[in-house]
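Reviewing the structure listed below.
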Amino acid sequence: MANQVFSQQFENGLTLLAEPMDWLESAAFTLLIPAGADRDPKQFAGLSNFVCEMAQRGCGSRSSRQFIEDLELLGVDSSGSVSNAFTSYGGSMPAEKLRDALTIYADVARRPHLNDDQFEDAQQVCIQEVRSHDDDLAHKVMTELRRRRYADPYSRVSYGNIEAIERITLTDVQDHFRTFHQPQGAILSVAGKIDWKSLRDHVAELFADWTGTNAPIEETPAQSETYAHIQHESSQTHLGVTYASVPYSNDDYFQSHGAVGVLSGGMSSRLFTEVREKRGLCYSVYASCETVRDRGAVVSYAGTTTERAQETLDVLVEELLRLREGVREEELQRLKARIKSQLIMAQESSNARSSQIAWDWYHLNRVRTLDELSSIIDALTCQSINQYLVDHPPRDFRVVTLGAAKLEIPRGIS
Amino acid sequence: MEFRRQTLDNGLEVIAEISPKAYSTALGFFVNAGSRDETDEISGVSHFLEHMVFKGTPTRSAEDVNRELDEIGSQSNAFTSEEHTVYYARVLPENQSRATDLLSDIMRPSLRDEDFDMEKQVIIEEIAKYEDQPPFGAFEKCMAAHFGDHPLGRSVLGTAETVGALTSQQMRAYFEQRYSPGNIVLVASGNVDFDQLVADAERNCGSWTPFKVSREQARAAEHSGLSVIQKETAAQEYVVQIANGPAADDEDRYPARLMATIIGDDTGSRLFWELIDTGRAEFASISPYEFQGTGIFMTYLACMPEDTAECLEQIRRVFEESQRNGLTEDELLRAKSKICSDLVRHNESPARRLFSVGNNWLQRTAYKTVRETVDSYERVTLDEVNAALAKYPLTVSTIVAVGPSSDIAT
């Protein structure tokens, strides 16, 4: 797995990353601009998302329609979205079309029209996006759970709320774009069949004279109650449970990742075995490590019919707490086999590598090669994971449920 | 890229698209068994059986199966549709044999009563999960309304009642009607050692006893109409429309797919510019589904309840205008570019090729390289696209709406 990652830092603060994958015919890019929901003024929740929508409605020499039609002609599978930390654009395409696609996206990032004639339609699209989440009950639970885990603005959803979106004016959109869509802290990553030197020169032409700087973020602490219930007459009760953990940038991250990998992710993982296979309590159950900026958590979900919800929550929490007793050698070996397969198979996807190297750079200020990751996984032992679990036992729990009846919080976490 | 096939004496076919440079090997058993092969009494049995296949064999417990799938670092799963049940694993090439042995073994499951009773609870939870999710059963209800007595009208999951009433004897009887080796194909893609695959299949599956299998393939009668199902707790209205489309072996499926892309792709299509770009609807798109003997175009709309009648009217106008005046060369060029670029990118993933190669074989007993499929799209003329639209009018459809509205004035 001898992959090589090139990087170039431009004076304006933009970082270009590239991983050549000569065996592929495709290329993919990811452009992260540090203008996420965390930058939205409180009264304008959803403003970054609104700007992102507007930026894709005409830019440079292209109208809204020409922008989409040109991407179609190039065969670019494109995306634009806002996360907590970033406005991000991405595309995957036949490698020979990368140059033209990046030229178009330089216009999206730097020269969107943000015109009045697109404003009302864009506002309606943003309102539709809020509405689309109203019927997603699992998403609702996990959103409420994050509000109890992370300080504001790190727990925000990007789509805001309808009242705030209706308050936003075209001037707000233009001002927000001018303030936050700038190169400091921006990352452009590319993977696939590429030539580094010509890519670097082309990106320099497109972005080297981009200017602007970023502003600091103010935090408000998370709500501290352990348990919240959302009443809803649904078929299932949806359960979200989280405990504090370490972020991706922490030296111990892979110890935590290893422990959670024993809980969830494989067919023989503990949650799937204990909650679903042995007791038939649910169809969906999982736990995963999550990193938001410089903080981390383990989040877990299960959905189950109301009459079995209490038992499901009890068993789920029991398994999370049982991690304190450590993991076993055969569990670790299976986990390693799974992760090693995933690392090797990642080489089949330019899209996956493009996102991963951008993520690495954001959290680590460098990119881990597949060989380095492989060594980290090889070095994991039961002893190292179990020592980590002794030092950092699952604690500081939060629980959110949504369904027809409130539940009792199991002992040991309240 | 090389294609190879071999048929075992008992009728089990083994096929592979081999790319020696791939990093992974994908393999799967594709079974010609799905909800269209059921009766009302055993509705949901194909999908329930798919779960039970992972519950062990005379030599492996359910825990053994799950443990071994993880030991070989596989990404494995299964799914059931109206016509097929597919069991697959993606592994590193060095684990091809172990994966073949394991998947072969579970294809002759024990179907033990205690596992059956436990897994029934999981299926009932799965049904409850989909009851809480958009589009709240609108797709199944529209299939039922569109197909009427035709077996494709049956839901894949079944209901809590039909699944609750199923017995393990009924499942065994169903297994013995559908899981004949001649009704199953072992498909592989990526970095495949074909000789080893055939040897492993011979050793593991050679003793499976063949029996006769048949399937009803009548073409569905055309239906049309609108029904509204009220769900007060929903925030949005979800509307599914089904119109007739080409069957799996109809040659006009390429122009028909291009037509669906031009009119109803989720970006850049006529519906997109009318409904999505303007923010009038949350979602509006058309997807083609091809079955044996018949096919459909499914138009899916999600919008605010108070806008439903207007959105449906706009969709009808887009369809009528398209049918009256035809589509354009520019639109066809962009649709071809989108579809073909997508095909070429998918070619880099053995896992994705597995489903294309397997599906093509099950539907048509045919193999096509990505290049040949791309050529099939590139050759299509505008006249053929417009002819497909005339043959399969989108305006003649069965419509089911689920959401807060009790009525939709159209």
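The model shown is predicted, which means the values in this text are computed figures rather than measured ones. Heavy atoms only: backbone and side chains are in, while hydrogens, waters and symmetry mates are out. Protein chains get the first letters and strands the later ones, always in sequence-line order, with residue 1 at the start of each.
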* Measure A:Gln342 against the heavy atoms of chain B and call it side chain, backbone, both or neither at under 4.5 Å. => both
* **Whether A:Tyr159 and A:His139 hold their rings parallel, tilted or perpendicular, with breakpoints at 30° and 60°** => tilted
* Which atoms of B:Ile124 approach chain A - backbone, side chain, both or neither, heavy atom under 4.5 Å -> neither
* Intermediate values then yes/no, salt bridge (Lys or Arg N to Asp or Glu O under 4.0 Å), A:Lys193 and B:Glu348 -> CA-CA 12 Å; A:Lys193 195 183 184 80; B:Glu348 294 177 350; over 6 Å; no
* **Heavy-atom proximity to chain B below 4.5 Å, by part of A:Met345** => both
* Between B:Asp64 and B:Ser61, does any side-chain donor sit less than 3.5 Å from a side-chain acceptor? -> yes
* Asked: Under a 4.0 Å N-O cut-off, is there an ion pair linking B:Arg270 with B:Glu331?
  -> yes
* Between A:Phe119 and A:Phe50, how do the two ring planes meet: parallel, tilted or perpendicular, split at 30° and 60°? -> parallel
* To do: For each of B:Lys21, B:Glu68, B:Gln75, tally heavy-atom pairs with chain A at distances under 4.5 Å, and name the one with the top tally.
  => B:Gln75
* Select, from B:Glu131, B:Glu71, B:Met304, the one with the greatest count of heavy-atom pairs under 4.5 Å involving chain A. => B:Met304
* Pick one of side chain, backbone, both or neither for A:Lys336, based on which atoms fall under 4.5 Å of a heavy atom in chain B. => neither
* To do: Sort A:Thr305 into side chain, backbone, both or neither according to what part of it lies under 4.5 angstrom from a heavy atom of chain B.
  => both
* Asked: Hey, are B:Glu50 and B:Thr80 close enough side-chain-wise for a donor-acceptor pair under 3.5 Å?
  -> yes
* Which one, B:Glu282, B:Met118, B:Glu125, leads in non-hydrogen pairs under 4.5 Å with chain A? -> B:Glu125
* **Region of B:Glu119 in contact with chain A, defined by heavy-atom distances below 4.5 Å** => side chain
* Structure fact -> From the list B:His51, B:Gln133, B:Lys336, the residue making the most non-hydrogen contacts under 4.5 Å with chain A is B:His51
* Asked: Non-hydrogen atoms of chain A under 4.5 Å away: do they reach the side chain of B:Leu92, the backbone, both or neither?
  -> both
* Which residue out of B:Glu63, B:Gln236, B:Arg67 racks up the most heavy-atom pairs below 4.5 Å with chain A? -> B:Gln236
* **Check ion pair A:Arg328-A:Glu331 (N to O, under 4.0 angstrom)** => yes
* Within 45° of the axis and under 6.0 Å from the centre of the six-membered ring of A:Tyr283, does NZ or CZ of B:Lys129 qualify? -> no
* To do: Below 4.5 Å from any heavy atom of chain A, which atoms of B:Ala22 appear? Answer side chain, backbone, both or neither.
  => both
* Structure fact -> Looking only at heavy atoms, the pair that brings B:Thr159 and B:Ile127 closest together is C-CD1, 3.7 Å
* Asked: Angle class for the A:Trp23/B:Tyr23 ring planes (parallel below 30°, perpendicular above 60°, tilted otherwise)?
  -> perpendicular
* Could you have a look at B:Pro350, B:Ala351, B:Ala281, B:Ser74 and say which one has the most heavy-atom pairs with chain A under 4.5 angstrom? => B:Ala281
* Asked: Quick one: what part of A:Ser78 sits under 4.5 Å from any heavy atom of chain B, side chain, backbone, both or neither?
  -> neither
* To do: Give, for atom CZ of A:Phe272 and atom OH of A:Tyr286, the distance between the pair rounded to the nearest 0.5 Å.
  => 15.0 Å
* **Engaged part of A:Gln333 at the chain B interface, taking heavy atoms whose separation is under 4.5 Å** => neither
* Is the shortest heavy-atom distance from the side chain of B:Leu301 to the side chain of B:Glu237 under 4.5 Å? -> no
* Structure fact -> When the 4.5 angstrom heavy-atom criterion is applied to B:Phe283 and chain A, the contacting part is neither
* **B:Asp277 with A:Arg57: basic N within carboxylate O range, under 4.0 Å** => yes
* Any side-chain donor paired with an acceptor under 3.5 Å for A:His232 and B:Asp132? -> no
* **chain A contact via B:Lys120 - which portion, at a heavy-atom distance below 4.5 Å** => neither
* Please flag which part of B:Ile276 lies under 4.5 Å from any non-hydrogen atom of chain A: side chain, backbone, both or neither. => backbone
* Asked: Salt bridge check: are B:Asp342 and B:Arg345 linked by an N-O gap of less than 4.0 Å?
  -> yes
* Most heavy-atom pairs under 4.5 angstrom with chain B, which of A:Gly265, A:Ser64, A:Cys282? -> A:Cys282
* Just give me the residue among A:Gln128, A:Glu277, A:His238, A:Lys278 that pairs up with chain B most often, heavy atom to heavy atom, under 4.5 Å. => A:Gln128
* Proximal component of B:Arg280, with respect to chain A [non-hydrogen, under 4.5 Å] -> backbone
* **chain B contact via A:Leu74 - which portion, at a heavy-atom distance below 4.5 Å** => backbone
* To do: Pick one of side chain, backbone, both or neither for A:Leu24, based on which atoms fall under 4.5 Å of a heavy atom in chain B.
  => both
* Do you know which of A:Arg334, A:Gln123, A:Arg279 has the most heavy-atom pairs with chain B at a distance under 4.5 angstrom? -> A:Arg334
* Asked: Would B:Tyr88 and B:Phe355 count as a close aromatic pair, with their ring centres under 6.0 Å?
  -> yes
* Flag the one option from A:Gln118, A:Arg338, A:Arg276, A:Glu233 with the top tally of heavy-atom pairs under 4.5 Å to chain B. => A:Arg276
* Heavy-atom side-chain contact between B:Leu102 and B:Arg98 under 4.5 Å -> no
* Asked: What part of A:Ile339 lies closer than 4.5 angstrom to a heavy atom of chain B: side chain, backbone, both or neither?
  -> neither
* With chain B, which of A:Asn351, A:Leu73, A:Leu137, A:Asp134 has the greatest number of heavy-atom pairs at distances under 4.5 Å? -> A:Leu73
* Asked: Where on B:Glu232 is there a heavy atom nearer than 4.5 Å to chain A: the side chain, the backbone, both, or neither?
  -> neither
* When only pairs under 4.5 Å are counted, which of A:Asp135, A:Asp77, A:Val76, A:Leu335 shares the most heavy-atom pairs with chain B? -> A:Asp135
